[in-house]
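One structure is given here, and the rest of the page talks about it.
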Amino acid sequence: MSDVLITNVGVLVTGDVENPRSNAESVYVADGVVREVDATTTTAETVVDARGATLAPGLIDSHVHPVFGDYTPRQRTLGWCESYLHGGITSMISNGEPHLPGRPPDVESAKALATLAHKSFERERPGGVKLRGGTLILGDGMTEDDIEDVHREGVERLKFLMPVEDRSLGRDLVRWGHDRDMVVLMHCGGTSLPGVESTDAELFVDIQPDIAAHTNGGPTPVPDEEVRKLVTETDLVLDLVLAGNQRVAVDILQLAADRDDLHRVQLGTDTPSGTGVTPLGVLLEAAILASMTDVPPAEILCLASGTTATHHGLDTGRIEPGRPADLVLLDAPKGGPRDDALATLAHGEYPAVDKVWVDGELLVERSRNTAPAKTPAEVL
Ligand SMILES: [Zn+2]
């Protein structure tokens, strides 16, 4: 049995936004699964002295656009997922694979693409990251049989990249997805690509998808009064992304916090996209939000892990017995003005990623993308 004991944890971020911090000082992992929090087990094959660092669930990027493998044709970048792993990302959610070169617009091709992306990412973790791929891009002419076909093949998400022309078909597509426990996303905001139409709050109220994808714009948000309606007049999941408008993201998070609606907020990047490949994107988004709102940084890390997992029915995102040991050890960056990871986020910088585990396997011993930790953990 391979096992790991992480000791001397300074702060443990749980992933549960209702109860974001724990005083537990150790976590015991065996066979890829968290077995004990505040462990009674005192020895293991590998013991890691965290030296006071912050242990958090591996972060989940709620909004990525993969195609296949660890390559994005949009920015012609190989190894982008592995680079995100070095930004603390252990899981990613595809919001569709529209960057496939020559993507055909017909219904059968859309179904085939979603199915193949889903199955290929089930078989292969790009760069070690758990990528939930395969999101069906909805379109006019689709029927309930089409939704059933992709559902039967394992596809878990549907996405309106643009509104369908027939509103009643839009409502039917949502219902057909919900009948099969699928998550329905809808592009929120201005046009992102040629051929993609803008959406407004009224459309969300009418069609009732689950998630307003890039609620703060991707890259262009809806007008401020429409944003307010999305927060106050719907129960949509609010998806805050790096590739959108950060002033609007700050407004949305603060409004959600004031309304006791933090459980609706998730964090992502909406990349690869025109904004680029952003390996530290979720940490940077967290730093912006932690420094510009009064939401505590531990809660923001929970939004970027356990809350996103809940929205998508993932078993990861929390540090609890029985959950996969997808973990990230964070610290203040060497030479930084603060002494721990949470204070660093609250100050507006991203912290150092010191270690990353996926299913209990140490995949990053020291991030190649962040500054080194002020007090690096020691593998004993
Ligand atoms: Zn997107």
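In listed order, ligands and their atoms are each counted from 1. The first residue of the sequence shown is numbered 1, and numbering continues consecutively from there. Predicted model, so just to flag it, every value in this text is computed and none were measured.
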Which atom names give the shortest non-hydrogen contact between Val4 and Gly360, and what distance separates them?
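Closest pair (atom of Val4, atom of Gly360, distance): CG2-O, 3.9 Å.
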Nearest heavy atoms of Thr115 and Glu153, plus distance in Å
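Distance-wise, the nearest heavy atoms are CG2-CB, 3.5 Å.
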Taking only residues two or more places apart in sequence or in another chain, which ones pass salt bridge (charged side-chain N to carboxylate O under 4.0 Å, His left out) with Arg323?
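Salt bridge (charged side-chain N to carboxylate O under 4.0 Å, His left out) list for Arg323, sorted by chain: Glu320.
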For Arg103, enumerate each residue passing the salt bridge (charged side-chain N to carboxylate O under 4.0 Å, His left out) test, keeping only those at least two apart in sequence or located in another chain.
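With sequence neighbours excluded, Arg103 shows a salt bridge (charged side-chain N to carboxylate O under 4.0 Å, His left out) to no residue whatsoever.
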Heavy-atom side-chain proximity of Val27 to Leu55 below 4.5 angstrom:
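In short, these two side chains touch, coming nearer than 4.5 Å.
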Sub-2.8 Å protein N, O or S atoms surrounding the Zn ion (ligand 1)
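His63 NE2, His65 NE2, Asp270 OD1, with waters left out.
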Hydrophobic cluster of Ile93, others only, ordered by chain and residue number, side-chain cut-off 4.5 Å
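ILVMFWY cluster around Ile93 also holds Ile60, Leu314.
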